[in-house]
Amino acid sequence: MIKYKPDYNLLAATKYVVNGEKREGPMDVEKIFGENTFGLEEMQSRLPKSVFKSIIATIEHGEVIDAGIADTVALAMKEWAVERGATHFTHWFQPLTGSTAEKHDSFITPNKGGGAIAQFSGTDLIQGEPDASSFPSGGLRATFEARGYTAWDPTSPAFIIENKKGSYLAIPTAFASWTGVALDHKIPLLRSMEALDKQARRVLELFDVKGVTKVMSTVGCEQEYFLIDEEYFYRRPDLMSTGRTVLGAKPPRGQQLDDHYFGSIPDRVLTCMLEAEKELYRLGVPVKTRHNEVAPSQYEIAPIFETSNIAADHQQLTMHILQRVARHHGLVCLLHEKPFAGINGSGKHNNWSIGTSNGMNLLEPGDNPHDNMQFLFFCTAVIRAVYKHQDLLRLSVASAGNDHRLGANEAPPAIMSVFLGDQLEDVFEQLTKGPAKSSKQAGLLGLGVPSLPDIPLHAGDRNRTSPFAFTGNKFEFRAVGSAQTVSFVNAVLNTIVAESLDEMAGMLEKKLDGKRGIKNLEAAVGDVLRSVIKQSKKIIFGGDNYADSWHEEAEKRGLLNLKTTVDALAKLNDSKNVKLFKKYGVLSPTEVESRFEIWFEQYVMRLLIEAETTLTMARTMVLPAAVHYFTEMSEAVASGTRLKIKNTGLRKAAGDLGKLIEDLQSAIVKLDKASSSISDGHIDTQALYCRDKVLPAMQLVRAACDKLELVVAESSWPLPTYREMLFVK
């Protein structure tokens, strides 16, 4: 194992770390926050007033950017980046791989005198041309059609990525094909934000709300992850190839004692966290909390809310920084949803709300929600959206990795439901019968000790089993996987809520029929809410989502239970979903079809990689180790026989071991046959085969290997065990 000696000075207030290097001086978060981003303050100080005003109009009000200002912005951006040591720039984009992509170009251009100058034009800023042939396209383009375009997204600030040997300028961009088809996650997210903005402002006009120029969805993503010693990672082919352990017996001690959750953070891990947070601060990512999670060696980091587009970009940066900084400390950051069987996996809780340009949270209930017509209208729209589009929400979090996590005692089940809490559930129940007349009040919680203050009590408890829970002034979508991009998740949320607002606004307009006045509005809103809640109330559930009784109840209610990725992705091409995305300009039918192909293909490829990894490890590592140990035991039995010693216990142990080896060999044969017999049919048929044939065969091999791990001598076992990986910190 790598010998790591923590440097406690890294924790001192007078030192801090950037890219693994110590820097002297106090860590002033306010001073360093955003220093590596070309944000509003930097732009204001470097751009002419007219140019800066144009940028602000684009960022804050969605106005089309004037291409004529690109050269001015590019010059200022280049000068800023070069001052910070950047020699190259890249258009940073989010292809449909789920991660980010970059192609670096140098600022340096030779001049006539034999020297070189740093150049960066408006054209370089606005448009890039990466090779698009090898990115997933789902049949949108042939492999030989290589041209793709990246387009500058001025709403998300450019930033500097530093390395010990230099740095480069990263410019957030959209990515499209030569024919203009979206090949990324950013474009649909931006389109969905426009759809939500349009419908939300339409509703606010009906409520006679003035001064709102833009409505945007806001997001705060809690990121869970594991940290393990780097040496163990490199000794585990499965972690290197798949991100999870395809073999590994459960240790005697896991998370049963609940002693890791919110416990004291180990010094080595804390040092890693501090460096990661400081890099994120410098990149303008507003990280807020850190803590130990439930499983051993599992942790969480969470930011403050941001506009969903920027939040999605910052989420990708957070994952990148966590993985990079961990290496500085002899650690590896695992983002897979289920890196270790038998203990909690990792999620990425997506806290979603709606805000206005003048600072109003449209999902803020206030002290008396029953009187807050505007809140009730928007909240009802969300409830209706979840009910009508359970399938889209479920498929937005569908992945091979998340299938190992959803439905266990750590994550919500695959059945979508909405938790409102006692107060709101009571208000909506009143609405189904007539006007809501009261809101349950929480009061204060006394702790029975005079020296402890009475603390404000929330009007409803939190439900950690709910996949979609109202938590004060936002909805927390808890089913998102830890390795996923949140861009598509929020594109779906924005789109389905936009549709609900659109249809409910139409109902309200029809009720009002041009009549104004608060009494007319109250009566009309009441009628609309009553109608919508009665149609959608089946999705509201405040109990234990893990209970078998809920699964039975959900089936009676007619709710969907799409247990696996294959079940969920099959719904993407349903006509209602294709029409929805087309109507609100988020995805064309062709773009929907491409994602159907891509996500099924990714599911198949991941399972086949896992199957091949399982076979290789079982054949070349576990089986030889087991046979070697069996040989040692057999020789011991033979020696006992020569010495006329019965060795009854040893003979039985050797016999049991031999049986386990036979079981493993039999399981290897079955997996080899299953993984090599996949048909050439359509990709969704292949996915079904992988789920029903390959995955169960992998589980048989795992079961045999895990039994052997518990009886083969530790000195003979070729793989780091869970006990080592999870508890060596």
Side-chain angles (χ1 to χ4, degrees), residues 16 18-19 23 25-66 68-86 89-92 107 118 120-122 124-126 152-162 167-173 186 190 193 213-214 216 218-220 276-288 303-318 320-321 355-359:
Y16 65 104
V18 176
N19 294 314
R23 292 192 180 183
M27 174 51 63
D28 186 338
V29 175
E30 290 186 8
K31 183 176 181 181
I32 69 167
F33 189 83
E35 68 178 6
N36 273 357
T37 63
F38 195 64
L40 294 180
E41 288 186 12
E42 199 66 48
M43 284 192 280
Q44 187 172 22
S45 68
R46 292 175 179 267
L47 295 174
K49 288 184 178 180
S50 59
V51 174
F52 179 69
K53 186 176 180 181
S54 178
I55 293 289
I56 288 295
T58 298
I59 295 173
E60 296 186 354
H61 307 301
E63 294 184 13
V64 178
I65 193 163
D66 182 359
I69 71 171
D71 281 330
T72 304
V73 176
L75 177 62
M77 190 181 292
K78 183 261 298 181
E79 289 177 346
W80 169 79
V82 170
E83 288 171 10
R84 305 195 68 79
F89 68 92
T90 181
H91 278 196
W92 185 79
F107 285 125
F120 182 60
S121 68
D124 294 327
L125 170 62
I126 287 178
W152 174 39
D153 173 16
T155 66
S156 186
F159 53 91
I160 296 287
I161 292 292
E162 294 180 325
S167 60
Y168 61 92
L169 172 68
I171 305 162
T173 54
K186 180 181 277 283
L190 291 172
M193 291 170 65
T213 58
K214 192 173 183 64
M216 70 290 290
T218 60
V219 174
E277 288 168 0
K278 287 159 189 171
E279 286 209 34
L280 290 168
Y281 287 146
R282 300 177 74 227
L283 288 166
V285 182
V287 291
K288 177 72 171 176
I304 298 171
F305 278 66
E306 300 178 280
T307 304
S308 54
N309 172 40
I310 296 176
D313 285 355
H314 282 172
Q315 219 325 282
Q316 294 286 357
L317 271 176
T318 298
H320 171 72
I321 293 298
T356 68
S357 55
N358 58 357

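Source: prediction; values computed, not measured. Position 1 is the first residue of the sequence; numbering continues from there.
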- For W152, what residues pass the ring pair (Phe, Tyr, Trp, His ring centres under 6.0 Å) criterion, not counting sequence neighbours?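 W152 satisfies ring pair (Phe, Tyr, Trp, His ring centres under 6.0 Å) with no other residue.
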Worksheet entry | Results of ring pair (Phe, Tyr, Trp, His ring centres under 6.0 Å) for F38 - residues two or more places apart only |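 Only W80 meet the ring pair (Phe, Tyr, Trp, His ring centres under 6.0 Å) criterion with F38.
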- Of all residues at least two apart in sequence or in a different chain, which pass the salt bridge (Lys or Arg N to Asp or Glu O under 4.0 Å) check with E42?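 Only R46 meet the salt bridge (Lys or Arg N to Asp or Glu O under 4.0 Å) criterion with E42.
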For [X] against [Y], the heavy-atom pair lying closest together:
X    : Y    : result
L47  : A76  : CD2-CB, 3.7 Å
R282 : E162 : NH1-OE1, 2.5 Å
A70  : L125 : O-CD2, 3.9 Å
P157 : I310 : CD-CD1, 4.4 Å
G284 : H314 : O-CE1, 3.2 Å

Value rounded to 0.5 Å, distance of [atom1] in [X] from [atom2] in [Y]:
X    : Y    : atom1 : atom2 : result
H320 : L283 : NE2   : CG    : 8.5 Å
I321 : Q316 : CD1   : CD    : 12.5 Å
N36  : R84  : CG    : CZ    : 4.5 Å
K214 : M193 : NZ    : CE    : 6.0 Å
I126 : I69  : CD1   : CD1   : 8.0 Å
T307 : E60  : OG1   : CD    : 9.5 Å

With a 4.5 Å heavy-atom cut-off, do P303 and T318 have their side chains touching?
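Contact flag for P303/T318 side chains = no.
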### Query
Would a 4.5 Å heavy-atom cut-off, applied to side chains only, mark I161 and L317 as touching?
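I161 reaches L317 side chain to side chain.
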With distance as the sole test, does [X] use its side chain to make a donor-acceptor pair with the main-chain N or O of [Y] at under 3.5 Å?
X    : Y    : value
S167 : I160 : no
S54  : S50  : no
T173 : W92  : yes

Check: For atom CD of E83, is the number of surrounding heavy atoms from other residues, nucleotides or ligands below 6.0 Å larger than 12?
Finding: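 Buried by this count: over 12 neighbours within 6.0 Å.
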Count the heavy atoms belonging to other residues, nucleotides or ligands that lie under 6.0 Å from CD of E41, then report whether that count exceeds 12.
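Atom CD in E41 is not crowded, with 12 or fewer foreign heavy atoms closer than 6.0 Å.
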Run D313 and K186 through side-chain contact (heavy atoms from CB on, under 4.5 Å) and show every step you take. CA-CA 9 Å; D313 285 355; K186 180 181 277 283; 3.0 Å; yes
> Can you list the residues that meet the side chain to side chain contact (heavy atoms under 4.5 Å, CB included) rule with D124, with sequence neighbours excluded?
Replying inline: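 So D124 forms a side chain to side chain contact (heavy atoms under 4.5 Å, CB included) with F89, F120, S121.
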- Task: Under the side chain to side chain contact (heavy atoms under 4.5 Å, CB included) rule, collect the residues that match up with I59, sequence neighbours excluded.
- Result: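 Scan of I59 (side chain to side chain contact (heavy atoms under 4.5 Å, CB included), adjacent residues dropped) gives L40, M43, I55.
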By side chain to side chain donor-acceptor pair (under 3.5 Å) - contacts of T155 (at least two apart):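 Checked T155 against side chain to side chain donor-acceptor pair (under 3.5 Å); matches are D153, N309.
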- Message: As a quick check of understanding, evaluate side-chain contact (heavy atoms from CB on, under 4.5 Å) for I171 and M77, giving each step before the final call.
- Response: CA-CA 10 Å; I171 305 162; M77 190 181 292; 4.2 Å; yes
